[in-house]
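So the structure is just underneath, and the comments pick up after that.
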Protein chains: 2
Amino acid sequence: MQLRMTNQREMILRELRKSKQHLTADELYEKVKKIMPRISLATVYRNLEILSEAGIIGKLEVSGRQKRFDYEVEEHDHIYCVVCHRVDNLEIDRESIREVGWNSDKGYAVHGYRLEVAGICPECQRKRSKKEKKQ
Amino acid sequence: MQLRMTNQREMILRELRKSKQHLTADELYEKVKKIMPRISLATVYRNLEILSEAGIIGKLEVSGRQKRFDYEVEEHDHIYCVVCHRVDNLEIDRESIREVGWNSDKGYAVHGYRLEVAGICPECQRKRSKKEKKQ
DNA sequence: TTCTCTGCAAATAATTTGCACCCAT
DNA sequence: ATGGGTGCAAATTATTTGCAGAGAA
């Protein structure tokens, strides 16, 4: 099965890269729809799946929430906001994490690992302190 | 709002603890249904949510998949099987991970972090090599 | 008695799939 | 022309919610 570069696929890829963010399928759908109004959400889902399968984009499955897709393919870790669910990249030395290591891998054949940091993003902190003043 | 210990709640808690596994709501539903055939799945969901809210059990949101609930409350990390989605505990020194640290937290107020290791569990490795022999 | 909890069914949210037509190669 | 891709609607999966009656405290 070889990939074809359709207009839809090209546009989805372009918008994701242009955004430099970690977008969900429907966020991306809203963006692309402005340019191709007749595109369907299913097409966005299908393409994101195919593109990440092909290693052209990354797929993020953070904290049991909606999937997000990543313009950046290289393996890296993330920090996310528990309030607004925004996701940012984490610059962390993955090597040193591996060195710290885990012993009891329970006989698993380890494929990879990832560190996920949770917190409140600057914007939500600001909103929150504003609300507290009001009280 | 104070909690009441109903039969349903007690049974859900007992079965989760008895299993010593990381079960999903419907896995637990199947177990409890054998004892209380009229229990509803919604009750299981509601109770798992309430119990984890109360800190009596743990909630796991691993890799964008179905939520799993944890008999063990203390904070710890997990390893999961990419084939069968089974989850096991990881004995790892969380302190040393934190020490390795991350620099660029992008202004987030950090709440916590977790390490998630992916791999293939012993059982699925066995099944897989059996399949390969057949070919 | 009071107020939380339950069962049931319906609603929601995110994602996937079947199908007939379309279009990139 | 061929087989992957698209739009649309319907199906699925996981989870949540409204409501009237049940049962812990």
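Note that the structure is predicted; figures quoted are calculated from it, not measured. The chains referred to below are lettered A, B, ... by the order of the sequence lines, with proteins before strands, and numbering in each begins at 1.
One can place CD1 of B:Ile39 at 11 Å from C1' of C:dC5, the figure rounded to the nearest angstrom. As rounded to whole Å, 14 Å separates atom P of C:dA13 from atom NE2 of A:His85. Atoms CD (B:Glu27) and P (D:dA14) sit 10 Å apart, rounded to a whole Å. Rounded to whole angstrom, the span from the CD atom of A:Gln2 across to the C1' atom of C:dA24 amounts to 10 Å. Note: CG (B:Leu41) to P (D:dT13) measures 14 Å, nearest angstrom. B:Lys33 has its NZ atom 13 Å from the C1' atom of C:dG7, to the nearest Å. Distance CZ (A:Arg68) to P (C:dT15): 10 Å, rounded to an integer number of Å. Rounded to an integer number of Å, the gap from CG of A:Asn7 to C1' of D:dG7 is 15 Å.
Ionic pairing of A:Arg68 and A:Glu27 is present here: one or more N-O contacts between side-chain nitrogen and carboxylate oxygen are shorter than 4.0 angstrom.
Among the atoms of the strands shown, only primed sugar atoms or phosphate atoms (P, OP1, OP2) are found under 4.0 Å from some heavy atom of A:Asn47.
Residue A:Arg4 places no side-chain atom within donor-acceptor reach of the base of C:dT25, judged by atom type and a 3.5 Å distance cut-off alone. No hydrogens or angles were tested; on distance alone, a donor-acceptor pair under 3.5 Å links the side chain of B:Arg46 to the base of C:dG7.
Between the side chains of A:Asp88 and A:Gln21, no donor-acceptor pair is found at a separation under 3.5 Å. Of the N and O atoms on the side chains of A:His22 and A:Asn89, at least one donor lies less than 3.5 Å from an acceptor on the other residue.
For the pair B:Leu60 and B:His78, the minimum side-chain heavy-atom distance is below 4.5 Å. At least one side-chain heavy atom of B:Ile39 sits under 4.5 Å from a side-chain heavy atom of B:Ile12.
Checked against D:dG7, C:dG7, C:dT25, the side chain of B:Gln8 finds its nearest nucleotide in C:dG7. You'll find that the side chain of B:Thr6 is closest to C:dT6, out of C:dT16, C:dT6, D:dG5. Which of C:dT16, D:dT15, D:dC8 sits closest to the side chain of B:Tyr45 comes down to D:dT15. With distances taken from any side-chain atom of A:Arg9 to the nucleotides D:dT6, C:dC8, C:dT16, the minimum falls on D:dT6. The listed nucleotides are C:dT15, D:dT15, C:dC5; the one nearest the side chain of A:Gln66 is C:dT15. Proximity note for B:Leu3 (side chain, C-beta onward) versus D:dA14, D:dT6, C:dC5: the nearest is C:dC5. Nearest to the side chain of B:Arg38, among D:dG5, C:dG7, D:dT15, sits C:dG7.
For the OP1/OP2 pair of D:dT16 and a distance below 4.0 Å, the side-chain nitrogens and oxygens of B:Lys67 include at least one atom meeting the criterion. Proximity of A:Thr43 to the phosphate of D:dG5: no side-chain N or O atom is located under 4.0 Å from OP1 or OP2.
For the pair B:Met5 and B:Ala42, nearest-nucleotide mapping onto DNA chain D gives the more 5' position to B:Ala42.
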Worked verdict on A:Arg114 versus A:Glu116 for salt bridge (charged side-chain N to carboxylate O under 4.0 Å, His left out) | CA-CA 6 Å; A:Arg114 63 179 196 188; A:Glu116 201 179 287; 3.4 Å; yes
